[in-house]
There are 2 protein chains.
Amino acid sequence: MVNTKSHEYEQPGVTVDLVLFTIHEGKPMVLLTHRARDPFAGRWSIPGDFLRKGESLDEAAWRVVQETTGVQDLYLEQLYTFGDPGRNSPARVITVTYLALTPWKPFAQPPSGTTAALTWYPIDEIPELAFDHHEILTYAVNRLRAKAGYSNIVYGLLPETFRLSDLQKMYEIILNKTIDKRNFRKRMLETGLLQETGVKDRTGAHRPAMLYRFKQREVVYFD
Amino acid sequence: MVNTKSHEYEQPGVTVDLVLFTIHEGKPMVLLTHRARDPFAGRWSIPGDFLRKGESLDEAAWRVVQETTGVQDLYLEQLYTFGDPGRNSPARVITVTYLALTPWKPFAQPPSGTTAALTWYPIDEIPELAFDHHEILTYAVNRLRAKAGYSNIVYGLLPETFRLSDLQKMYEIILNKTIDKRNFRKRMLETGLLQETGVKDRTGAHRPAMLYRFKQREVVYFD
DNA sequence: CCAAAAGTGTTATTGATACACCCATGC
DNA sequence: GCATGGGTGTATCAATAACACTTTTGG
């Protein structure tokens, strides 16, 4: 079973790519970078980089986050590994993908007429992407939707404190359905994952809302 | 962001490793191979091999199955990718792991006193393993347990036709709890995933049992 | 005082669970 | 005829879903 003819084996490059979601103005958005160089110069792609020496996969994913966004508070989990030959040109590359969530933060918007190197795109208005990044993105969206249904994963999309209506809105956007307010609040508070901050949000011409936080910023599964 | 100093990048080996489960005599078992060579000569490990040229990850996983077991009918899904530096000695290796399920089949048992190259081990009697295979195995068991709870994944552990009591037994073993017979049958038949074969099993000194099959041998999620 | 979002309980429906006896066969 | 697993229905309980009005604020 051991074959020493090295030409039969791949010595592929290994990259770590990042599907970073946020929600802004009621829409799920994904972070894309504009490629200056070949392959696929001029196309958009999800951020990524080659794995470095001595670096774990998680560390590489974290580094990609830092290099592209500088965002500190985010949720990060390994998603899937793509390695079909022919998914890239021309070299064989294995790509370990990560799913990440962050509260909305703007990135420098380019002057109109020019192109930003880094932008949020609404997930239903994605341009042509490099490599097989469209497939990766589809996979990530499905995972996010599924996991939102049975976990508190959306905490990654919210700032540290938030109104219950903010939380509800996140679920409604991701699951793409409306939710009854009273039932939602009841269930959420019953999970015991939330904590009143004592502080009230007093923006807007209406009754102030209590701000809550998640007791623990880590994934917990319901059911 | 692009750095051309190649020494900063890994050119790691990529392996595809397989956690193959079955159930036998009421116990979940995992397939292990005995390592003849270093590293970890003399230890047991889960089967795997280096990725070959032109081969997709799924194809490599399938090849590993064929080379080690020859089993044709099995369930196979990508599990997780392990790539910490230091998980192997001495070279850096990225391992894409797969979870697989198969109906019980015996493999040649060695004459007592000698060691088989390939054996089923009950998952609660696992010996010291090579590399980080213990971690991989733990991860796989958790995934199997979780997924059994909300999918028909156990079809991979059963032959094409089976009695409802066989199916129930699978769930009981994996979920490690007893299930009410009438409720189980009701729920299972209500899913619409099962189909009577019309054939009855007439082994044993008792009333013959109807044999069923899954209409489709692919994963379907309940709820 | 008007608009806008916050906050709050009860009822109806649905799904999940608990539970016990007769049936068909081989030996 | 006895031991073994196959096969079946109902009643209770728990969880989910439906539903509308009052409160507090800013302008």
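Residue numbers begin at 1 in each chain, while the letters A, B, ... track the order of the sequences.
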Report task. To the nearest Å, give me how far apart CZ (R185(B)) and C1' (dA16(C)) are. Result -> 19 Å

Query raised in the report: Looking at S165(B), does any N or O in its side chain come under 4.0 Å of the phosphate oxygens OP1/OP2 on dG6(D)?
Result: yes

Query raised in the report: What heavy-atom pair brings G42(A) and H34(A) nearest, and what distance separates the two atoms?
Result: O-NE2, 3.1 Å

Query raised in the report: Between dA18(D) atom P and K177(A) atom NZ, what is the distance in whole Å?
Result: 10 Å

Query - Protein-to-nucleotide contact annotation, 5' to 3' order, nucleotides 19-27 of chain D [B base; S sugar-phosphate only; - none; under 4.0 Å, heavy atom] - result: BB--BBBB-

Query raised in the report: Once you round it to whole Å, what is the distance between P of dA15(D) and OH of Y150(A)?
Result: 22 Å

Query raised in the report: Between dG6(D) atom C1' and K169(B) atom NZ, what is the distance in whole Å?
Result: 12 Å

Query raised in the report: Taking it one step at a time, do E172(A) and F184(A) satisfy side chain to side chain contact (heavy atoms under 4.5 Å, CB included)?
Result: CA-CA 11 Å; E172(A) 289 182 331; F184(A) 178 79; over 6 Å; no

Report task. Figure out the NZ/P separation between K200(B) and dG5(D), and round it to whole Å. Result -> 18 Å

Query - T102(A) side chain to T22(A) side chain, donor-acceptor N/O pair below 3.5 angstrom - result: no

Report task. State which residue, out of D132(A), N142(A), I126(A), fulfils the side-chain contact (heavy atoms from CB on, under 4.5 Å) condition with L137(A). Result -> I126(A)

Query - Salt-bridge contact K147(B)-E77(B) (side-chain N to carboxylate O under 4.0 Å) - result: yes

Query raised in the report: Once you round it to whole Å, what is the distance between P of dG6(D) and CG of L164(B)?
Result: 9 Å

Query raised in the report: Rounded to whole angstroms, how far apart are CG on L167(A) and C1' on dA6(C)?
Result: 15 Å

Requested in this report: Check the distance between dA5(C)'s P and F184(A)'s CZ and give it to me in whole angstrom.
Outcome: 17 Å

Query - Output field: ring centroids Y75(B)/F21(B) closer than 6.0 Å - result: no

